[in-house]
Every structure is written in structure tokens, then in C-alpha cells.
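Keep in mind it's a predicted model, so treat the numbers as computed, not measured. Sequence lines set the chain letters: A, B, ... in the order given, protein chains first and strands last, and positions in each chain run from 1.
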Amino acid sequence: MDIVIKNLCKSFGEKQVLKNINAVIKQGQITCLMGQSGVGKTTLLNIMMGFVKADSGEILNIPQLKSAVFQENRLCESFSVLSNIKMANDSLSDDVIMKHLAAVGLENEAKHKVSTLSGGMKRRVALVRAILAEKEILFLDEPFKGLDDKTLEQVQNYLSENTKGVTVVMVTHQIEDAQALGAEIINLKNSAL
Amino acid sequence: MNRTRFEKILAVATAVLLWQLAAVTIGEEVLLVSPFKVLLRLSELIFEAEFWGTILFSFKRITLGFFIALVSGTILAILSYRFRVAEVFLWPYISIIKATPVASFVILCLIWLSSSQLPVFIAFLMAVPIIYTNMLQGFKSTDSKMLEMAEIFRFSFGKKLLYIYFPQIKSHFVSACSVSLGLSWKAGIAAEIIGIPDGSMGEMLYQAKLYLATADLFGWTVTIILVSVLFEKAVMFIINRLFGRLEDL
């Protein structure tokens with residue numbers, strides 16, 4: 001079922017971040033939340049993930065099985081790449097994880113501690129972890145942050161191939177990201193107005 | 001040999017030399033015995049069967065007290081972290097234990113316990129607030145964003161403990177153990193000196209004071225320092241290995 005956002009409002013103190021947001025997020029498709037900085041994209045994502053309560057309004061049909069790439073990677077730095085991916089899904093075999101790591105150019109980093117990786121590598125680990133977790137919905141908060149052009153294309157292809165039939169809600173500043181993934185766009189600034 | 005180690009050895013050698021000079025200047029063994037005499041007395045003591053039995057007596061009790069404090073301090077910290085009411089109601093006990101002089105507890109506990117149980121209880125009492133406070137601080141400093149991540153990926157309690165809490169509390173746990181180990185030994189021996197349980201290191205120190213055997217007093221003091229430091233190093237080694245193993249999982 002499609003996710004329906006109805007009259008959603010959220011303020012932090014005096015500042016109203018979200019004002020009467022209405023939107024439909026189609027099941028099994030990629031939807032991008034776009035808009036300028038501070039318009040409330042991450043707040044909306046956090047409300048959908050259940051971390052922030054809306055002041056008023058409602059969101060209907062949010063699936064239970066969630067997965068996410070957070071704005072900060074939120075990886076366990078002192079553990080290996082493999083452990084970080086397995087912690088989101090115990091049933092994964094090393095072979096499957098290795099295939100996914102190879103798809104994003106991290107096949108040689110599997111046993112390395114996350115703390116030893118570069119920012120771009122950590123981002124890819126966070127993405128593979130989110131993809132391999134059991135999920136009905138995937139939240140992506142600026143998933144391509146810190147990736148160079150060559151890696152960006154590789155990761156976008158990986159994401160397209162591995163999110164078929166999955167409901168994806170992505171926050172991004174770049175219209176090109178949305179276009180590359182063939183995503184529906186919700187412009188939060190327009191909604192707020 | 002690295003520079004820091006060389007500097008440490010140099011500092012110790014200088015301190016021993018100054019001690020020797022002070023002992024020679026005073027020229028009165030009862031007041032200040034020379035390091036050479038202490039070493040000589042220590043070399044005699046280590047060949048006495050009673051020496052090792054005495055060390056074992058105190059070691060067993062102080063170590064037991066420390067480990068009981070480690071387990072109970074950790075459990076109490078978890079309870080306080082999960083239930084604020086536990087933190088509120090534990091606060092007066094922890095504050096009183098922290099503020100009360102060891103001697104007051106020792107004298108009070110002598111009424112309740114036998115003198116041989118005393119070092120266990122006093123070592124426990126001195127270590128438990130440090131372990132509790134440090135562990136609670138560690139749990140409270142857990143990154144809420146990491147807990148959100150754990151919620152999204154539906155971590156079990158065991159997984160949360162392994163991946164989120166253990167790395168967060170590691171430094172607090174290590175520092176709690178390091179501080180409380182030394183304090184357990186100091187307080188445990190102080191309790192033995194007051195309670196004078198038969199066959200304890202505290203009893204040996206008490207007798208040395210009684211008979212003005214300064215060489216024995218220094219010899220036993222050096223022994224206590226060595227046992228305490230070696231035990232601390234062993235515990236720290238085991239803790240670091242355990243955390244290392246967990247991270248390799």
C-alpha cells in the first residue's frame with residue numbers, strides 16, 4: 001500500500017519546520033524528498049522512521065520492516081566491515097556479502113575495521129548494510145554524500161539494481177541523483193508553501 | 001629500550017639513591033631503613049613458607065572483594081541506566097560510601113563481621129562506588145543515534161550490548177577497574193591492619209610497627225605494592241584481550 005502523509009506539522013521551539021505536508025509515497029518505487037537546506041527533509045524522514053513525533057497530522061501505511069542509510073553513517077567503528085553488515089541481518093552468508101561489497105568496490109575491505117576506512121568507503125558500507133537488511137521500506141538520507149564521480153555512478157547502479165520492488169524514500173539535494181534513479185520527486189518547499 | 005622506559009628507570013634509580021642517602025644521613029634504622037637492608041630482608045622473607053601463605057591470604061580476600069564489586073557495580077549501573085528510580089534510590093548509599101573514611105567502615109564492620117571477612121567487605125565497599133559511577137557514566141554517554149540505528153535494524157538486547165554498549169563503556173570500564181583495583185588493595189590492607197586477621201599482610205605490617213621492625217615494614221610494603229601492581233596489570237591485560245576478542249567477532 002502507498003504511504004500517505006496527511007497534514008503533517010512539526011515545530012522545534014518557535015521554528016516551524018514542517019507545515020501541513022501532504023504527500024503520497026508509492027509502494028515499490030523510489031521517492032526523493034527534495035528542497036533547500038533546513039526545509040525539513042531529514043525531519044520528515046525521522047518522523048517516518050519513528051524517531052521524531054509529529055505535532056499534528058499523520059502518516060498512514062508505514063511498513064514495519066525498515067532499513068536505513070543515515071545522514072551520519074552510524075557504523076560500529078571498532079568492528080569489521082563484515083560484522084557491520086551482518087549485524088543488520090544474521091542470516092547472510094559471507095559469499096553474499098562479498099558479492100555486494102564487490103559491487104561497490106569494497107571486496108578487499110571486508111575484514112578491515114570500519115575505523116580504518118575513508119569517508120566514501122564508510123558511506124558504501126552503510127549502503128550495503130541497508131540494502132542487505134530485511135526490509136519493506138528503505139530510508140536513504142543523502143546516500144551519495146562524499147562519493148567521487150566514478151564511485152557515484154557505481155553506487156547508483158548498485159542501488160537501482162538492488163531496490164527493485166522496494167519502497168525507497170531518499171533525501172537528496174541533487175536533482176541528478178533523483179533522475180539517475182528514476183525517482184518520483186516531492187519538493188518539500190512547495191509542499192510547505 | 002624506548003625513551004619513556006629509560007626515563008622511568010632513571011627516575012626510580014634516582015629515588016632509590018635519594019632514599020639511600022637519606023637513610024645514611026639519618027643513621028637510625030628504626031627511623032629510616034636503607035633500600036639495601038629492605039632488599040636483604042625481602043630476600044629472607046621470600047624463602048619463608050609463611051610469606052607466600054600470607055600473600056595468598058590477603059590476595060584471595062581483596063581479589064574476591066574486588067570481583068564482587070565489579071559484578072554488583074556493573075549490575076547496579078545497568079539497573080540505574082534502565083530505571084531512573086534505581087539511580088535515585090541508590091544515590092544516598094553511593095554518596096555515603098564515597099564520603100565515609102575507610103577507618104569508620106572498618107571499625108563499624110568489625111562489629112558485624114569476623115576479622116578475616118573484613119578485607120573482602122572493605123575492598124568491595126571501596127571499589128563498588130567507583131565501578132558503579134564509571135559504568136553508569138559510560139551507559140549514559142551511549143550515542144542515542146547509534147541506539148536509533150539499533151532500533152531500525154531490530155537489534156536484540158545481546159546485539160545492542162555487543163555492538164553499541166561495549167565499545168561505548170570500554171574506556172569507562174577500564175578506568176573504573178584501574179582506579180578501584182589500587183584502592184581495593186589500599187583499603188583492604190588498611191582493614192587488615194585494624195582488624196588484624198591471623199596470617200594476613202596487614203597483621204605483618206601491624207607486627208612490624210609493634211616491634212619497630214622497620215625493615216619488615218618496608219619489605220611488606222614493597223611486597224604489597226608489587227602484588228597490587230602485578231594483579232592490576234594482569235586484570236587490565238585480560239580486560240583488553242576480552243574487548244579485543246569481542247571486536248573480532
Quiz item: Where on A:K86 is there a heavy atom nearer than 4.5 Å to chain B: the side chain, the backbone, both, or neither?
Solution: backbone

Quiz prompt | Contacting moiety of A:E134, where chain B heavy atoms sit under 4.5 Å | solution = both

Quiz prompt | Electrostatic pair A:E142-A:K41, nearest N-O below 4.0 angstrom | solution = no

Quiz item: Does any heavy atom of chain A fall under 4.5 Å from the side chain of B:K145, the backbone, both, or neither of them?
Solution: both

Practice problem: Describe, in one word, how the ring planes of B:W185 and B:F231 are oriented to each other, choosing from parallel (under 30°), tilted (30 to 60°) and perpendicular (over 60°). | Solution: perpendicular

Practice problem: Kindly state whether the ring of B:H172 and the ring of B:F139 have centres lying under 6.0 angstrom apart. | Solution: no

Quiz item: Counting heavy-atom pairs under 4.5 Å to chain B, which of A:K113, A:R129, A:E72, A:K135 comes out on top?
Solution: A:R129

Practice problem: Check whether A:L82 gets within reach of chain B through its side chain, its backbone, both or neither, counting any heavy atom under 4.5 Å. | Solution: neither

Quiz item: Are a donor atom and an acceptor atom from the side chains of B:Y93 and B:Y132 found within less than 3.5 Å of each other?
Solution: no

Self-check item: Pair A:R74 + B:E148, salt bridge at N-O below 4.0 Å
Solution: yes

Quiz item: What option among A:N89, A:L75, A:N84 has the most heavy-atom pairs under 4.5 Å with chain B?
Solution: A:L75

